[in-house]
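A quick note: this is a predicted structure, and the numbers were derived from the prediction, not measured. Starting from 1, each residue takes its place in the sequence as its number.
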Amino acid sequence: MNLSNIFDDLEKLKKEVWYLIKKVLPKLEELISSSGSAQLTEIKQQLNSQLEQIETLQSQMQTTSDMASAANSSVQSLSSALSTIQQDLSSVEGEIDDIDQSLTTISQAVDQNSGSVLQLSNSLTTISANAAQALNTANSLSDDVVLISNQAAQSATKINGLEGDVEQLEGLVQSQTQTISSLSQSVGNLSTTLQSLEGQIASAKLEQSEVIYDMYSTDSAINRGFTSGMGGTKFFTFDFSPYHTIRIYARLYSSNCVQEVRVHNRKLSDITLFAAGANPVVLCVMKIMFAVEPLLNRFQVGAYARYTYAAATGAFTGVTGTSDANFFVYRIEGIKK
């Protein structure tokens, strides 16, 4: 068995293992990144272990080589000293036995190392298969990475669109916030105004009215004897000076009339009540005589008039008089100062 060839084979195996560790595995790690790193780490540990075994074998082979060199030197010494060996044959035979034993040990070591080398070769075959499988896995992962990258690009586009929508919403919310703030301020102002008005209303005097005449009253001081209403020429005397306004309720033919009249600061005593029928072709008026200052003590119903419009001719026909059962005052209220 040639020791030189074994050294060469071990050196080649060492270089191949070193190449797998230093070149192939880092490339696989770069491709695989975090995926499948556990299997790759196991392979790397196996390769490192095999590399350590190769280095151990190299060390053992070096020792064997040294022993072989020593044996060769002994053989040369024996050849040069053959005459001496012949003279001391028994001694030389002993040394030859020792040498034979050494050679046997060397041969056994070589055979043992050859088995280790074969086992290492088988291990490298398995490692190579695992590396191929890891490379396939890396290629598959690379395709997945491309797919994920494309999906990430699409997601980024959607995110950009959503960011634009969010910016628009933020602007809208800001605008609405300003509007709400303005409305809140306006509501606050209105609330203040309402509170002020409530205070003014609370402090304002409520209308104080009194019934001066009512045809339906059973009190003679209120119906004043005119239980069918005050028609033309009817009157009564009363002190109206405590009131600033009187409210007159009257029937004018087929229409109702409610009219307020100022008590003070009038120049003339005559007042005209006016009403129109439901079908406004009938117009009705009634005169009231209400005493002016300084007296302010007499209320009298005067004449009435009813004007009817003829649509066919465009003319008015009128009826006037001092008394008519359909023209009368039925209530008078006085509103105090």
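In terms of heavy-atom proximity, Gly231 sits nearest to Val301 at O-CB, 3.1 Å. Residue Ala278 comes nearest to Pro280 through the heavy atom pair O-CD, 3.3 Å, listed as atom of the first residue, atom of the second, then distance. When every heavy atom of Asn256 is checked against every heavy atom of Ala250, the shortest pair comes out as OD1-O, 3.5 Å. Looking at every heavy atom in both residues, Val211 comes nearest to Arg331 through CG2-NH2, 3.1 Å. The minimum heavy-atom distance linking Ser255 with Ala276 is given by the pair OG-O, 2.8 Å.
Cluster annotation: Tyr330 is connected to Tyr253 through the hydrophobic network of ILVMFWY side chains, with a link wherever side-chain heavy atoms come within less than 4.5 Å. Met289 and Tyr249 end up in different hydrophobic clusters when Ile, Leu, Val, Met, Phe, Trp and Tyr side chains are linked at under 4.5 Å. Both Val258 and Leu283 belong to a common hydrophobic cluster when Ile, Leu, Val, Met, Phe, Trp and Tyr are linked at side-chain heavy-atom distances under 4.5 angstrom. Tyr216 and Val329 fall within the same hydrophobic cluster, where Ile, Leu, Val, Met, Phe, Trp and Tyr residues are linked whenever their side-chain heavy atoms come under 4.5 Å apart, directly or through other members.
The OH atom of Tyr213 sits 7.5 Å away from the CG atom of Asn223 when rounded to the nearest 0.5 Å. Between the CD atom of Gln300 and the NZ atom of Lys234 there is a distance of 10.0 Å, given to the nearest 0.5 Å. The structure places OH of Tyr307 at 7.0 Å from OG1 of Thr320, a figure rounded to the nearest 0.5 Å. Separation of atoms CZ (Phe240) and OG1 (Thr245) is listed at 12.5 Å; rounding is to 0.5 Å. Rounding to the nearest 0.5 Å gives a distance of 5.0 Å between CE of Met286 and CG of Leu252. To the nearest 0.5 angstrom, Ser254 atom OG is 9.0 Å from Arg306 atom CZ.
Side chain of His244 to backbone of His264: no donor-acceptor contact under 3.5 angstrom is found. The main-chain N or O of Glu52 is found under 3.5 Å from a side-chain atom of Thr56 such that the two form a donor-acceptor pair.
Under the 4.5 Å side-chain criterion, counting only non-hydrogen atoms from C-beta, Val285 is not in contact with Leu273. Between Phe290 and Ile248, every side-chain heavy-atom pair lies at or beyond the 4.5 Å cut-off. When side chains are defined from C-beta on, Leu296 counts as touching Arg266, because their heavy atoms get closer than 4.5 Å. Side-chain contact between Asp324 and Val319 is absent, with no heavy-atom pair separated by less than 4.5 Å. At a threshold of 4.5 Å between non-hydrogen side-chain atoms, the residues Arg224 and Ile212 count as touching. The side-chain heavy atoms of Ile332 and Phe236, taken from C-beta on, include a pair separated by under 4.5 Å.
For the ring-ring contact (aromatic ring centres under 6.0 Å, His included) test, no residue two or more places apart in sequence or in another chain qualifies with Phe274. By the side-chain contact (heavy atoms from CB on, under 4.5 Å) test, Ser209 pairs with Glu207, Ile335, sequence neighbours left out.
Results of the side-chain hydrogen bond (donor to acceptor under 3.5 Å, both in side chains) test with Tyr243 over Glu210, Gln208, Lys336 single out Glu210 as the only residue that passes.
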Check against side chain to side chain contact (heavy atoms under 4.5 Å, CB included), Ile246 and Glu260 | CA-CA 6 Å; Ile246 62 170; Glu260 291 186 352; over 6 Å; no
Between Asn265 and Glu293, does a side chain to side chain contact (heavy atoms under 4.5 Å, CB included) hold up when you go through it step by step?
-> CA-CA 7 Å; Asn265 300 321; Glu293 293 175 311; 4.1 Å; yes
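Residue pairs meeting the ring pair (Phe, Tyr, Trp, His ring centres under 6.0 Å) criterion with at least one member in residues 308-329, sequence neighbours excluded: Tyr304-Phe327, Tyr309-Phe316.
For Asp219 and Ser217, the side-chain atoms include no donor-acceptor pair closer than 3.5 Å. Judged by distance alone, the side chains of Thr237 and Arg298 never bring a donor and an acceptor atom under 3.5 Å apart.
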